[in-house]
Amino acid sequence: MAEICEDVWSAVPPGIEVALEGAVVIVNCSASDETIGKDSYRRSLIEGQSARLICGYVYANAGEGESTTDLVFGGHNLIAENGTILKESRRFENGAIYSEIDFRRLLSERRKNTTFQAAEKMGLKRIPFDIQVEETQLTRRVSSRPFVPADGKERAERCEEILMIQAMGLKKRLSHAHARSAVAGISGGLDSTLALLVTAKAFDMLGLKRSEITAVTMPCFGTTDRTYRNACRMSVKLGARLREIPIGDSVNQHFADIGHDPGDHSVTFENAQARERTQVLMDVANQTGGIVIGTGDMSELALGWATYNGDHMSMYGVNASVPKTLVRHLVHYYADTCGDGELKEVLYDVLDTPVSPELLPPRDGEIAQKTEDLVGPYELHDFFLYYLLRFGYEPAKIYRLARYAFQGEYDEETIYRWLETFLRRFFAQQFKRSCLPDGPKVGTVALSPRGDWRMPSDASVAGWLENLKSVRRSR
């Protein structure tokens, strides 16, 4: 659909009507003269119109060569998509700009918008046309870390806001449950560290003593000295009450009870530890009149990297909608802003520790079980998760975008392999997400079965894998 010049400046731009009828791209041929500050207003106008109509907006303005009797024209050209300027020309320099508009992304956003769902057809004249479909070389930037702002200032603001949302959610839950304490299992890893930091913040907001936070470390077969020391030091520095409850004897007794060979390091060996830890935390919460704080993050929930009714379960999961790539930045931000040198040192060491559930015995005192060696790099999985949940992209498109985003980091075969793994795990593990504990939503992407992601626990992945395979057949 085409608007002309001041159509976009009017109280009721004609683009509104045609957007409600289904137009996805609006173009505007304009003669907007330059005055002081007008470029900023023009930019915000085009951004706002593309956001309001969830459309692509291509704005071509008159430039050098127009009459200057009373006015000067700067050739200020803009291409916007749903509130984001994709390309913008330098004023007073005639030339063309190019970008791509993602139709499926816009249609995905419109499907979620009740205004577009309820729009009545107005009988506008439709003019059919043909367009040649061909492979487009992308010129727009595709961020490899879509959950993490690239700008340092924006990233810090995002981290502060997320920590506040997490703490506010927990504050309300503690108050509503009349909880006298909070109990968190502390492993010395990233997720439990973030959960403890959020809990401390929530207690400060409630005016409660941090000593009523019970931080429980439960060493067992896979615990390393490094993670154990960090868990203890961090808990003490934050003012929580530290309890050490070794679970090795309890787990061995359980193995004897069910007839499991302790030398068999299968999934039973691993999950027995995770479930024992959860039982301990639940019972300590009963002792102290508190609630168990969940530590698992959204990336783990997407992959099903949690023991059912083990670390999968809690009374409030503060990290449930925080992806792993963002967890790291939240802990980093807290370390840089806490004003405590010793705590910062501990948090930095946590950040430097490989991600691991530590359920298998160490090798030479070092972590033997590294999560990303088993399920794949979290930066890839978070990328897949973002585009699957946020826009509903099919695997072939996610794969194509990932090739652009991770160029120079991962080769095409690696991306393909881990995307296939992600899809298989995401569908197979839905049963764990169908019964998640409550937790605060912090962004547009979340996996809560109550309001964000409704998916049958036995949904088939076959069609999705077939779509991904089509990439190879077409090349």
Donor-acceptor pair, [X] side chain versus [Y] backbone, under 3.5 Å?
X: S321; Y: P440; answer: yes
X: R110; Y: L53; answer: yes
X: K87; Y: Y98; answer: yes
X: T84; Y: L86; answer: no
X: T227; Y: T223; answer: no

Drop me the distance from [X]'s [atom1] to [Y]'s [atom2], to the nearest 0.5 angstrom.
X: I247; Y: R275; atom1: CD1; atom2: CZ; value: 12.5 Å
X: N82; Y: D102; atom1: CG; atom2: CG; value: 10.5 Å
X: F391; Y: R104; atom1: CZ; atom2: CZ; value: 14.0 Å

Ion pair [X]/[Y], N-O distance below 4.0 Å:
X: R158; Y: D151; answer: no
X: D311; Y: R277; answer: no
X: R43; Y: E47; answer: no
X: E109; Y: R105; answer: no
X: K469; Y: E420; answer: no
X: D382; Y: R145; answer: no

How about [X]: does its [atom1] atom have over 12 heavy atoms from other parts shown lying under 6.0 Å from it?
X: Y404; atom1: OH; result: yes
X: D249; atom1: CG; result: no
X: E409; atom1: CD; result: yes
X: Q407; atom1: CD; result: no
X: E161; atom1: CD; result: no

task: Could you check R403, R417, R400 and say which one makes a salt bridge (Lys or Arg N to Asp or Glu O under 4.0 Å) with E412?
output: R403

task: May I have the step-by-step check of side chain to side chain donor-acceptor pair (under 3.5 Å) for N319 and Q166, ending in yes or no?
output: CA-CA 8 Å; N319 297 337; Q166 289 178 280; 3.0 Å; yes

Aromatic ring proximity F383/F406, centre distance under 6.0 Å: yes

statement: Exactly one candidate in T217, D352, D349, T193 meets side chain to side chain donor-acceptor pair (under 3.5 Å) with N230; the answer is D349

task: On the 0 to 90° scale, with breaks at 30° and 60°, tag the F221-F255 ring pair as parallel, tilted or perpendicular.
output: parallel

Whether [X] engages the ring of [Y] as a cation-pi pair (distance to the six-membered ring centre under 6.0 angstrom, angle to the ring normal within 45°) should be assessed.
X: K201; Y: F203; answer: no
X: R433; Y: F426; answer: yes
X: K324; Y: Y378; answer: yes

message: For a side chain to side chain donor-acceptor pair (under 3.5 Å) check, start with the C-alpha distance between N271 and T307, then their side-chain angles and the critical distance, and finish with the verdict.
response: CA-CA 6 Å; N271 286 350; T307 299; 2.9 Å; yes

message: Does T214 form a side chain to side chain donor-acceptor pair (under 3.5 Å) with T288? I'd like the steps, not just the answer.
response: CA-CA 9 Å; T214 303; T288 60; 4.7 Å; no

- request: Using distance alone, with no hydrogens and no angle criterion, decide if Q279 and D283 have a side-chain donor and acceptor under 3.5 Å apart.
  value: no

Can you tell if the side chain of [X] reaches within under 4.5 Å of the side chain of [Y], non-hydrogen atoms only?
X: L326; Y: P323; value: yes
X: V284; Y: I245; value: yes
X: I79; Y: Y57; value: no
X: E342; Y: V346; value: no

message: Under the criterion side chain to side chain donor-acceptor pair (under 3.5 Å), I'd like the reasoning laid out for N467 against S470: C-alpha separation, chi angles, the key distance, then a yes or no.
response: CA-CA 5 Å; N467 178 269; S470 68; 4.6 Å; no

